[in-house]
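Working notes, beginning with the structure itself.
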Number of protein chains: 2
Amino acid sequence: MPHFRALDKLDRKLLNHLQKDNQIPTRVLADKLHVSQPTCLRRIRDLREAGVINADISMVDPFALGYGMLAFLEVSLLNQADEFMHEFEARMNKEAEVMQCYFVSGEYDYFVVVHVIDMDAYYQFVRRAISGPGNVRHFHSRFPMKKTKFTTRIAFDEKAAELQVKTGK
Amino acid sequence: MPHFRALDKLDRKLLNHLQKDNQIPTRVLADKLHVSQPTCLRRIRDLREAGVINADISMVDPFALGYGMLAFLEVSLLNQADEFMHEFEARMNKEAEVMQCYFVSGEYDYFVVVHVIDMDAYYQFVRRAISGPGNVRHFHSRFPMKKTKFTTRIAFDEKAAELQVKTGK
DNA sequence: GCTGAAATCACACATTA
DNA sequence: TAATGTGTGATTTCAGC
């Protein structure tokens, strides 16, 4: 049974901390926020169960591993019937090189962010996943020279705090 | 003193797991990979110290919090002297709404991904951070209708594994 | 890779608003 | 009634060997 509740100040403070570091002991976090350790833990558990916290992960630096090449790939499909769009999206979901994929309006249908080792790997990716399988009318590549910012942290301002949040199941 | 070493199979397996879930007890992870728990822990610690693991964080679902609106913002600067580019990049770094920023070649200089609550918030953001401060020649907004994939996980194939990785400081 | 001490997590229960 | 705080046992981390 789905229910709704609003995020209060404590929730927002917790999220702001956990977005930076989720390995901090609940005891330390509790002290910082002037609540007890079990309260801290309970709130975090609830945020996870509610899906506000999607996942708890280690961030790996792609450049530290030789994945120095990034590409923006714009794709327009031949056939835009629902099943074909789903087929394309499913394919992108399976491809490990695809970091992000967006359905966009305008000249192209999809905007895809691809992370690969080098140009050869990118070429192979395009042949295998884009031009190979068919149903692609046109595609266009751009190569960002530098990633100057990348964050998964979202900001919690007052307005957002007042919004109702769908929690739990 | 910086030193180099290559990632072996164990490192890659560890990273593949931790990218999905960094809350798994090292004991469980050790059993899965058929190594001892302290070995597992030491490897992970080394990967963190080496900077291969950037951060350990909770991922927050922006849509669960009412941040339902995404925008692609392309910007070209008036003055492209180094100091002005740094100034723009620094500004994007400070803005909480900016999730990603890339320096690109072509018609525009920067590709910026912005995450906001609604169109009004986006308008305010553009006025404050883009058109307001000056040195922007032209900008153009696109609004992706759906994010069909977003991951921070990078793939570890054999080729990548053989690459030398800069570790330590 | 094994063992053990220290720390953390996570539960039951009393308390408060 | 629902959420917080206190106290306690089970797990986990992490150092020494």
Side-chain angles (χ1 to χ4, degrees), chain A residues 1-61 156 158 160-169, chain B residues 1 3 5-61 64-66 161 165 167-169:
Chain A
M1 47 177 178
H3 66 285
F4 294 77
R5 74 172 180 82
L7 295 189
D8 63 9
K9 281 188 180 181
L10 179 55
D11 289 317
R12 281 181 288 139
K13 285 177 184 172
L14 283 170
L15 289 173
N16 274 328
H17 275 87
L18 294 174
Q19 282 188 119
K20 281 186 272 189
D21 174 18
N22 72 349
Q23 297 223 120
I24 185 172
T26 53
R27 171 80 221 180
V28 177
L29 198 47
D31 286 347
K32 273 192 182 182
L33 304 182
H34 307 294
V35 293
S36 73
Q37 178 264 330
T39 297
C40 188
L41 189 62
R42 267 194 293 261
R43 297 292 274 258
I44 294 173
R45 177 171 50 82
D46 290 347
L47 287 168
R48 292 204 172 107
E49 283 177 4
V52 175
I53 292 177
N54 259 134
D56 288 87
I57 61 165
S58 293
M59 293 276 288
V60 174
D61 178 12
F156 299 109
E158 304 311 308
E162 288 161 13
L163 289 172
Q164 292 294 306
V165 175
K166 182 174 186 175
T167 70
K169 43 192 144 191
Chain B
M1 48 177 175
H3 65 285
R5 76 172 180 82
L7 295 188
D8 63 10
K9 282 189 178 180
L10 179 56
D11 289 317
R12 281 181 288 139
K13 286 179 183 171
L14 284 170
L15 289 173
N16 274 329
H17 274 87
L18 294 174
Q19 282 188 120
K20 281 186 271 189
D21 174 17
N22 72 349
Q23 294 220 122
I24 185 175
T26 54
R27 169 80 219 180
V28 179
L29 198 48
D31 286 347
K32 274 192 181 181
L33 304 182
H34 308 293
V35 293
S36 74
Q37 181 269 333
T39 298
C40 187
L41 188 63
R42 281 197 171 277
R43 288 295 189 107
I44 294 173
R45 199 190 36 156
D46 289 347
L47 287 168
R48 291 205 172 105
E49 283 178 3
V52 174
I53 293 176
N54 259 134
D56 289 86
I57 60 163
S58 293
M59 292 278 286
V60 175
D61 178 10
L65 292 165
V165 175
T167 69
K169 46 194 147 191

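Labels below follow one simple rule: chain letters A, B, ... track the order of the sequence lines, proteins then strands, and each chain is numbered from 1.
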* Asked: So with a 6.0 Å cut-off around CZ of Arg42(B), is the heavy-atom count from everything else above 12?
  -> no
* To do: Name the nucleic acid region contacted by Arg42(A), choosing base, sugar-phosphate or nothing; use a 4.0 angstrom heavy-atom cut-off, strictly under.
  => base
* Asked: Base, sugar-phosphate alone, or nothing: which one does Pro38(B) contact when heavy atoms must sit under 4.0 Å apart?
  ->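 Base, at least one base atom sits under 4.0 Å.
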Using atom [atom1] of [X] as one end and atom [atom2] of [N] as the other, report the distance to the nearest whole Å.
X	N	atom1	atom2	answer
Glu49(B)	dC14(D)	CD	C1'	13 Å
Gln23(A)	dT12(D)	CD	C1'	13 Å
Ile24(B)	dT8(C)	CD1	C1'	18 Å
Arg45(B)	dC14(D)	CZ	P	9 Å
Leu41(A)	dA10(C)	CG	P	5 Å
Arg27(A)	dA6(C)	CZ	C1'	15 Å
Leu29(B)	dC14(D)	CG	P	14 Å
Asp21(A)	dT8(C)	CG	P	13 Å

[X] has a side chain; which of [options] sits nearest to it?
X	options	value
Gln37(B)	dT13(D), dC9(C), dT6(D)	dT13(D)
Arg43(A)	dG1(C), dA3(D), dG5(D)	dA3(D)
Ser36(B)	dG5(D), dT13(D), dC2(C)	dC2(C)

* **CD1-CG distance between Ile24(A) and Leu14(A), expressed to the nearest 0.5 angstrom** => 10.0 Å
* Any chance you could measure Asn22(B), atom CG, to Ile53(B), atom CD1, to the nearest 0.5 Å? => 8.5 Å
* Do Arg27(A) and Asp31(A) meet the salt-bridge criterion of a basic N to acidic O distance under 4.0 Å? -> yes
* Structure fact -> Exactly one of Asn54(A), Leu15(A), Asn16(A) clears side-chain contact (heavy atoms from CB on, under 4.5 Å) with Val60(B), and that residue is Leu15(A)
* Can you check whether Thr39(A) has a side-chain N or O nearer than 4.0 Å to OP1 or OP2 of dT4(D)? -> no
